[in-house]
Each structure stands twice: as C-alpha cells, then as structure tokens.
Amino acid sequence: MIVLGIETSCDETAAAVIRSNADGGGEILSDVVLSQIEAHRPFGGIVPEVAARAHLEFADHVVKQAMDQAGLRFDQLDAVAATGGPGLIGGVIVGVMTAKAIAAAQDIPFVAVNHLEGHALTARLTNNVAFPYLLLLVSGGHSQLLIVRGVGDYTRLGTTIDDAVGEAFDKTAKMLGLGYPGGPPIEAAARLGDASRFDLPRPMRGKPGCHFSFSGLKAAVKRSIDALPPGPLQVQDVNDMAASFQNAVADVIGERTTRAIRLFRDQCPNANTLVVAGGVAANSSLRHTLEKIAADQSMTLAAPPLNLCTDNGAMIAWVGIERLRLDQQDNLEFAPRPRWPLDPHAPKAAGAGIKA
Ligand code: KG4
Ligand code: ZN
C-alpha cells in the first residue's frame with residue numbers, strides 16, 4: 001500500500017509518501033517540509049491568515065515535490081491522507097481539499113487524520129513500538145500525557161490548563177530578545193547560563209493528576225526580568241534566565257510524567273514504553289530528564305528522530321496506513337475540525353482552552 005500524507009494545520013506545509021511493509025512497518029519514500037517560519041518571524045508568532053495564504057500558495061508544489069522524490073505518479077497511489085484537524089482552520093481546509101481532489105481524480109480512498117494522532121503514532125513507524133504505551137506530547141500547540149491503547153483509542157491523563165510548553169518557550173524567548181521560534185535559542189543560551197540564579201516556580205508540581213500549567217512560569221520570568229537593573233538585558237542575564245526557565249520546565253514535566261507513569265502502570269501493568277513527541281522533544285535538557293525518569297521507573301524511552309517529532313507529512317501518511325489496515329477511511333463529505341480531541345471522554349481540565 002502506497003499512501004500520500006498532507007499536513008497543513010499549523011506553520012509547515014508538508015507532504016510525504018510511505019509504502020507499508022508486510023511486517024506491519026512502513027518505508028518513507030519521500031518527506032518534504034516547507035517551513036513558514038520566515039513569513040511569521042517578523043510577527044514573533046504564527047499569524048493564522050499568513051499561514052492559510054502560504055499553504056494555499058505552496059501546498060500543490062510540496063505535494064508534487066513529494067511525488068517526484070518518491071518517483072511516483074498519482075495513479076500509483078493507493079490512498080491519500082490529510083490532516084483534518086485540530087489546527088488553524090484555513091490551513092486545514094487547504095490540505096483537506098487538496099487530498100480530496102486527488103482522491104476523487106484517482107478514485108482512491110481519502111483518510112482525514114487527527115494531527116495529534118499523527119504525533120501519537122509516529123513512534124510505531126520509527127521505533128516499532130507496540131500498543132499500549134504512554135505518550136508525552138510536547139509541542140507549540142499541545143502539552144499532553146496520554147495512554148495510547150490502539151488506533152483511535154486514547155486515554156488522556158493530563159493536558160495544559162493554559163499555555164502549551166512550546167508556547168512558553170516562544171514567549172520567554174521573546175521577552176529575552178531571542179527571536180522566534182524560541183526553543184532552540186533558549187536551549188543554546190541555557191548551556192552558558194547558571195540555572196540557580198533565578199528562583200522560578202514549578203507550577204502544578206505535587207498537585208494531584210497530571211495536568212500542566214505554564215502561564216505562571218511565564219509571568220514569573222517577566223517579573224524577574226522587570227526586577228533587573230533598568231536598561232538592556234546583559235548577555236549573562238539572558239543566559240541565566242534561559243537556564244533557570246529550562247530547568248523549571250524540565251522539572252515540572254519530569255514530575256508530571258512520573259505521576260503519569262504510575263497511572264499508566266495501574267492500567268497497563270505489562271507495558272513499559274514511554275514515547276516523547278512534538279517539537280519540544282528536541283530539547284536535550286528535557287530528554288535528559290526523561291531518560292533518567294525512564295531508567296528509574298524501568299521504562300524504555302522512545303523518541304522519534306527530530307525531523308519526525310516536529311510537524312511533517314510522514315506522520316499523516318502513517319496514520320492513513322494504520323487506519324486503512326483497519327478498513328477505516330473517510331468519505332468526501334468530511335468537514336475539517338478545528339477542534340478534535342484524541343480522547344473525547346477526557347474530563348475537561350479547568351481553564352483548558354482549544355489546546356485540549
Ligand atoms: O511540534 P512543533 O514543530 O509544532 C507544533 O506546535 O505542532 O513544535 C514547535 C515548538 C515551538 O514552540 C518551538 O519553540 C519548540 O517546539 N521547540 C523547542 C526546541 N525546538 C523546538 N523547544 C525547546 N527546545 C528545543 N530545542
Ligand atoms: Zn504538531
């Protein structure tokens with residue numbers, strides 16, 4: 001089975017082709033990601049209208065490039081999958097309409113994929129992970145802990161009640177004058193900084209459950225910056241704040257994940273894999289913390305390679321394959337879903353907005 005996957009829900013226009021293997025795995029034949037970072041950089045964050053227009057302009061080129069790199073014609077595809085939500089609606093519409101057009105023209109199945117399921121199932125493609133497993137999803141739009149029991153079968157243990165962790169990195173970087181996206185420059189500055197200089201809070205640490213909160217941390221960073229002597233920030237201030245912030249984030253995520261491991265063990269006593277996904281999974285301080293926790297708890301940590309942790313088309317094509325193997329597909333009536341929780345039965349986290 002050869003499946004094209006299209007991803008347009010945020011600020012990457014992406015397409016990839018995967019061929020499924022008889023052994024249950026898959027081979028990535030092409031994987032094209034066009035980042036819109038430069039278009040959004042002047043605004044210090046993603047502007048939905050700018051994103052939608054860029055997807056409209058480039059989606060067909062990116063799809064053509066993915067097909068060319070795979071060395072395939074459209075009539076050699078067995079199915080086409082696209083992100084159907086959640087995400088910025090303008091971009092999702094572009095991807096879904098592109099995929100529907102290809103499906104209709106070639107008379108092949110169309111699969112509307114939940115973007116979060118793309119992140120959630122990538123480790124099955126890259127690390128051959130078996131169900132069930134515990135997933136920590138940390139990106140610019142999401143911070144969640146989920147039990148992944150099977151395709152379409154998720155139990156959410158925790159989510160953020162305010163900002164996503166990547167958002168906290170981006171906003172902190174902006175306050176420190178480090179540019180967008182904020183994760184990589186914060187990580188670089190933190191390497192040169194003293195993490196004990198600023199005493200930042202660890203929101204939610206010790207609280208029951210596995211929810212996250214990052215807005216208080218962001219506010220504390222602002223207060224600490226405001227308390228410094230007037231004038232431009234010194235390089236050492238920036239480095240020390242980056243290190244203090246990154247440490248606080250790793251501490252909180254580590255504590256929340258340790259709690260989630262306990263709940264996971266209660267529900268799935270024979271399983272022992274922790275998967276980390278999403279752009280923030282690139283952070284080496286966080287990875288280090290998770291490796292330590294996994295070792296302490298006798299869990300195996302699986303992290304997809306970085307290019308498949310951030311948004312991409314391969315994860316969408318892969319979910320297409322997983323769902324088609326279960327005879328699941330969508331019809332051309334599918335309407336894009338700006339909100340689409342992986343676990344529709346999860347109790348609402350107080351204050352949780354569209355991130356859930
Ligand atoms: O998964 P992703 O590419 O996009 C979605 O949000 O879906 O994640 C992007 C986020 C941004 O907030 C970025 O600052 C963060 O991931 N990020 C990092 C690092 N690299 C990217 N955060 C911390 N450390 C990094 N090295
Ligand atoms: Zn994503």
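Positions are given from 1, in the same order as the sequence printed here. Predicted model only: the values in this text are computed from it and were never measured. First listed ligand is number 1; within each ligand, the first listed atom is number 1.
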### Query
Atom OG in Ser20, atom CG in Asp78: separation rounded to 0.5 Å?
8.0 Å

#### Entry: Minimum-distance pair of heavy atoms, taken over all atoms of Pro181 and Pro184
O-CD, 3.9 Å

### Message
With no hydrogens and no angle check, just 3.5 Å: does a side-chain donor-acceptor pair link Arg197 and Gln236?
### Response
no

### Message
Whether Arg287 and Glu291 form a salt bridge (side-chain N of Lys/Arg under 4.0 Å from carboxylate O of Asp/Glu) is what I want to check.
### Response
no

### Query
Quick one: SG on Cys309 to CG on Leu137, what's the gap to the nearest 0.5 Å?
9.5 Å

### Distance flag, aromatic centroids of Tyr180 and Phe43, threshold under 6.0 Å
no

### Task
Under 4.0 Å from a heavy atom of Gly182: give me the atoms of ligand 1 that qualify, with their elements.
14 (O)

### Summary
shortest atom 22 (N) of ligand 1-to-protein heavy-atom contact is with Gly183 CA, 3.3 Å

### Task
Heavy-atom contacts with Gly140 under 4.0 Å: which atoms of ligand 1 show up? List them by number with element.
5 (C), 6 (O), 8 (O), 9 (C), 10 (C), 12 (O)

### Message
For atom 24 (N) of ligand 1, what's the nearest protein heavy-atom neighbour? Residue, atom name and distance, please.
### Response
Asn283 ND2, 3.0 Å

#### Entry: atom 26 (N) of ligand 1 - nearest protein heavy atom and its distance
Glu187 OE1, 2.8 Å

### Query
Which residue and non-hydrogen atom of the protein lie closest to atom 4 (O) of ligand 1, and at what distance in Å?
Asp311 OD2, 3.6 Å

### Task
Determine, for Asp296 against Lys292, whether the closest basic-nitrogen to carboxylate-oxygen distance falls under 4.0 angstrom.
yes

### Task
Just jot down the ligand 1 atoms closer than 4.0 angstrom to any heavy atom of Asp170, in number order.
11 (C), 12 (O), 13 (C), 14 (O)

### Message
Is Pro184 close enough to touch ligand 1? Criterion: a residue heavy atom under 4.0 Å from a ligand atom.
### Response
yes

### Query
Do Glu12 and Thr310 have side-chain atoms, one donor and one acceptor, less than 3.5 Å apart?
no

### Query
Around Met97, counting heavy atoms of other residues, nucleotides and ligands shown, do more than 12 lie under 6.0 Å from its CE?
no

### Query
Does a donor on one side chain sit under 3.5 Å from an acceptor on the other, for Glu7 and Asn312?
no

### Summary
If we number the atoms of ligand 1 from 1 as shown, the ones under 4.0 Å from a heavy atom of Gly141 are 6 (O)

### Query
Gly166 heavy atoms, cut-off 4.0 Å: which ligand 1 atoms fall inside?
12 (O)

## Note on the structure
closest protein heavy atom to atom 1 (O) of ligand 1 is Gly279 N, 3.0 Å

### Query
To the nearest 0.5 Å, what is the distance between CG (Leu200) and CD (Gln246)?
12.0 Å

### Task
Treating Ile, Leu, Val, Met, Phe, Trp and Tyr as nodes and any side-chain heavy-atom pair under 4.5 angstrom as an edge, say whether Leu88 and Met315 lie in one connected cluster.
no

#### Entry: Residue and atom names of protein N/O/S atoms that fall under 2.8 Å from the Zn ion (ligand 2)
His115 NE2, His119 NE2, Asp311 OD1

### Summary
Thr310 heavy atoms within 4.0 Å reach ligand 1 at atoms 1 (O), 3 (O)

### Identity and separation of the nearest protein heavy atom to atom 15 (C) of ligand 1
Val280 CG2, 3.9 Å

